[in-house]
**Q** 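Let me give you the structure first, and then I'll get to my questions.
Along the sequence shown, the residues carry numbers beginning at 1.
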Amino acid sequence: MSAHKKINYLEFPSRDLSKTKSFFSTVFNWQFEDYGPEYCAFSGEDAGINGGFYLSELSSTTKNGSVLTVIYSSNINHTEQKIKQAGGLIIKPVFAFPGGVRFHFEDPNENEYAVWSEKQ
């Protein structure tokens, strides 16, 4: 499959890169590589796409017009519990939508993401 014209990389703000790395490696098994004190990249099969986090006091939320990154889970309840245990905050409880169920959460840096799964 050609990579031409495909989304290839995503970058997110992070107030605290060490919290970011700990959260996403614990919950989603993402791997990280540091590129100086203000940037880290994530990769690995579990991430689905490569990307990075840059040091910033800003956060990414749908409330301020940011794109919503949606992560798939084959076990949404287990993923929700892991997010809570790792310091994430559920900001929209599980709800049905055409094709499945999902919830929204904030990571420890107040960035908003969603997790979805087929109806269970």
**Q** Please tell me whether Tyr39 and Glu33 have a donor and an acceptor in their side chains that are separated by less than 3.5 angstrom.
**A** no

**Q** I'd like to check Val115 versus Ile76 (side-chain heavy atoms, cut-off strictly below 4.5 Å). Are they in contact?
**A** yes

**Q** Evaluate the side-chain proximity of Phe28 to Ile71: yes if any heavy-atom separation is below 4.5 Å, no if none is.
**A** yes

**Q** Nearest heavy-atom pair of Pro13 and Ser60: which atoms, and what distance?
**A** CG-N, 3.9 Å

**Q** In Å and rounded to the nearest 0.5 Å, what is the CG to CZ distance from Asp107 to Phe23?
**A** 6.0 Å

**Q** At what distance, to the nearest 0.5 angstrom, does OG1 of Thr20 lie from CZ of Arg15?
**A** 10.5 Å

**Q** At their closest point, which heavy atom of Cys40 faces which heavy atom of Leu17, and how far apart are they?
**A** SG-CD2, 3.9 Å

**Q** Donor-acceptor pair, Gln31 side chain versus Asn29 backbone, under 3.5 Å?
**A** yes

**Q** Identify the heavy atoms of Asp16 and Leu55 that sit nearest to each other, and give their distance.
**A** N-CD1, 4.4 Å

**Q** Strictly distance-based, threshold 3.5 Å: is any side-chain N or O of Ser22 a donor or acceptor partner for the main-chain N or O of Lys19?
**A** no

**Q** Could you grab the distance from atom OG of Ser59 to atom CG of Asn109, nearest 0.5 Å is fine?
**A** 9.0 Å

**Q** Would you call Asp34-Lys21 a salt bridge at under 4.0 Å N-O?
**A** yes

**Q** I'd like to check the ring-ring contact (aromatic ring centres under 6.0 Å, His included) partners of Tyr113; sequence neighbours left out, ordered by chain and number.
**A** Phe12, Phe24, Phe105

**Q** Working to the nearest 0.5 angstrom, can you tell me the gap between Phe32 CZ and Ser18 OG?
**A** 11.0 Å

**Q** Side chains of Asn75 and Ser73: donor-acceptor distance under 3.5 Å anywhere?
**A** no

**Q** Restricting to non-hydrogen atoms, name the atom on Lys92 and the atom on Phe103 that form the minimum distance, rounded to 0.1 Å.
**A** O-CB, 3.1 Å

**Q** Would Thr61 and Asn111 count as a side-chain hydrogen bond (donor to acceptor under 3.5 Å, both in side chains) if you check the C-alpha gap in whole Å, the side-chain angles of each, and the deciding distance to 0.1 Å?
**A** CA-CA 6 Å; Thr61 67; Asn111 292 312; over 6 Å; no

**Q** Between the side chains of Thr62 and Glu112, does any donor sit under 3.5 Å from an acceptor?
**A** yes

**Q** Looking at Lys63, Glu110, Glu106, which hits side chain to side chain contact (heavy atoms under 4.5 Å, CB included) with Ile91?
**A** Glu106

**Q** Side-chain contact, heavy-atom cut-off 4.5 Å: Ile90 with His104?
**A** no

**Q** Would you verify whether the NZ or CZ of Arg102 falls within 45 degrees of the ring axis of Phe97 while also being under 6.0 Å from that six-membered ring's centre?
**A** yes

**Q** Determine all donor-acceptor pairs shorter than 3.5 Å in which one atom belongs to a side chain in residues 82-89; sequence neighbours excluded.
**A**
| unit_1 | atom_1 | unit_2 | atom_2 | d |
| --- | --- | --- | --- | --- |
| Lys82 | NZ | Thr26 | O | 3.3 |
| Lys82 | NZ | Val27 | O | 3.4 |

**Q** Could you pull out all residues at least two apart from Phe42 that satisfy ring-ring contact (aromatic ring centres under 6.0 Å, His included)?
**A** Trp30, Phe53

**Q** Can you tell me how far OH of Tyr9 sits from CD1 of Ile49, rounded to the nearest 0.5 angstrom?
**A** 10.0 Å

